[in-house]
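Every chain is numbered from 1 and lettered A, B, ... according to where its sequence line falls, protein lines coming before strand lines.
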Number of protein chains: 2
Amino acid sequence: MVRIDEIDRKILVELQTDASRSLDEIAKAVGSSKTPVWNRIRKLRDAGVIGAQTVKLDAEALGFEACFFVLIRTSEHDAGWQQAFLKALQERPEVQEAHRLAGDIDYILKVRVRNARAYDAFYQALISEVRVHNVTALLSMEEIKSTTALPL
Amino acid sequence: MVRIDEIDRKILVELQTDASRSLDEIAKAVGSSKTPVWNRIRKLRDAGVIGAQTVKLDAEALGFEACFFVLIRTSEHDAGWQQAFLKALQERPEVQEAHRLAGDIDYILKVRVRNARAYDAFYQALISEVRVHNVTALLSMEEIKSTTALPL
DNA sequence: GGTGAAAGCCCGTGCCT
DNA sequence: AGGCACGGGCTTTCACC
């Protein structure tokens, strides 16, 4: 965990809100000026705190109208199985999130696809690649909120 | 749903991979040149297909070490309750995602907090604001994959 | 719809305080 | 470490093909 002072924090808030802002604007917003802000951003980037710069695309407008949360239970816990499962998830672009969980359910995935048929294709492909004991899919009806912003 | 041709698609792939690339680089990558690419980006932005530009921050490095998926069942389905619940979610910055679901479970949230105690504080605040019938929290042990990129 | 050039702004650096 | 000023490069526009 990195040490971050108040100005760093403000810079991150700005960048996370709108990364297209100019250095001058950010500097003014955080109460400093160009050079020090630029040095801080550079340092945060080098430290890996600031990662890739991306744009948020409108999934619905682009025809990705189905979103599933997939709860997975497995009986297999050996290293080989886990590695194969991990690889399968990394390779499939429709998997937007994957977490290993504590407790009853072993994994949760967020899967974004064009429609229910595309989800079934994904599901069939996945279970043919790796053995899973139990799969529950939760279908999203409405995305109420979606952000990657951290509550700094 | 917007009509997108092959060049638009390539531009979106480039932008969602790395939005800091220069127009020249993007133009070369998609096999076109500056001005037409710029016009397409402008059009896509105006149409709302391209949204905010953000940076990905390293949550762990910044001390956000706990991530929960929260499954919520409710018995209340009237408009007033739903509005209050929605408002509560929008206002709480630790809620990174919220979806209304089809089926047994009514809502799923993704909640990012500093630690388990912070999650409990969030949970207590939420249930004091709105009545919910049943809440299950899934604790993430490991973020295997995380992307907002659509499989264009 | 693609090319080229021109204007202005912004990034990144180096120097000075 | 913060502020200033300069050069190169990039965005954005416009006129032409």
Distance check needed: [N] [atom2] versus [X] [atom1], whole Å only.
X: B:Asn39; N: D:dA15; atom1: CG; atom2: P; value: 14 Å
X: A:Ile41; N: D:dA1; atom1: CD1; atom2: P; value: 16 Å
X: B:Arg21; N: D:dT11; atom1: CZ; atom2: C1'; value: 16 Å
X: A:Trp38; N: C:dC15; atom1: CH2; atom2: P; value: 15 Å
X: B:Lys28; N: D:dC10; atom1: NZ; atom2: P; value: 11 Å
X: A:Asp24; N: D:dC4; atom1: CG; atom2: P; value: 11 Å
X: B:Ile26; N: C:dG2; atom1: CD1; atom2: P; value: 16 Å
X: B:Asp8; N: C:dG1; atom1: CG; atom2: C1'; value: 13 Å

- Name the nucleic acid region contacted by B:Leu23, choosing base, sugar-phosphate or nothing; use a 4.0 angstrom heavy-atom cut-off, strictly under. base

- Query: Base, sugar-phosphate, or nothing for A:Ser22, non-hydrogen atoms under 4.0 angstrom?
  - Reply: sugar-phosphate

- Query: Quick one: the side chain of B:Lys34 and the base of C:dG4, do they pair up donor-acceptor inside 3.5 Å?
  - Reply: no

- Message: Does C:dT3 have OP1 or OP2 under 4.0 Å away from a side-chain N or O of B:Ser33?
- Response: yes

- Message: Here's a test for you: under side-chain contact (heavy atoms from CB on, under 4.5 Å), which of B:Asp104, B:Ile105, B:Val135 qualifies with B:Leu71?
- Response: B:Ile105

- Query: Would a line drawn from the ring center of A:His99 to the ring center of A:Tyr107 be shorter than 6.0 Å?
  - Reply: no

- Message: Taking atom CD as the centre, does A:Gln83 end up with more than 12 heavy-atom neighbours from other residues, nucleotides or ligands that are less than 6.0 angstrom away?
- Response: no

- Message: A cation-pi test, strictly: NZ or CZ of B:Arg114 under 6.0 Å from the centre of the six-membered ring of B:Phe64 and no more than 45 degrees from its axis. Yes or no?
- Response: yes

- Message: Pick the closest DNA chain D nucleotide for B:Arg45 and for A:Thr35 by heavy atoms, then say which residue is nearer the 5' end.
- Response: A:Thr35

- Upstream residue (5' side of DNA chain C) when A:Arg42 and A:Glu25 are each assigned their closest nucleotide: A:Glu25

- Find the distance between NZ (A:Lys56) and CG (B:Leu150) and round it off to the nearest 0.5 Å. 10.0 Å

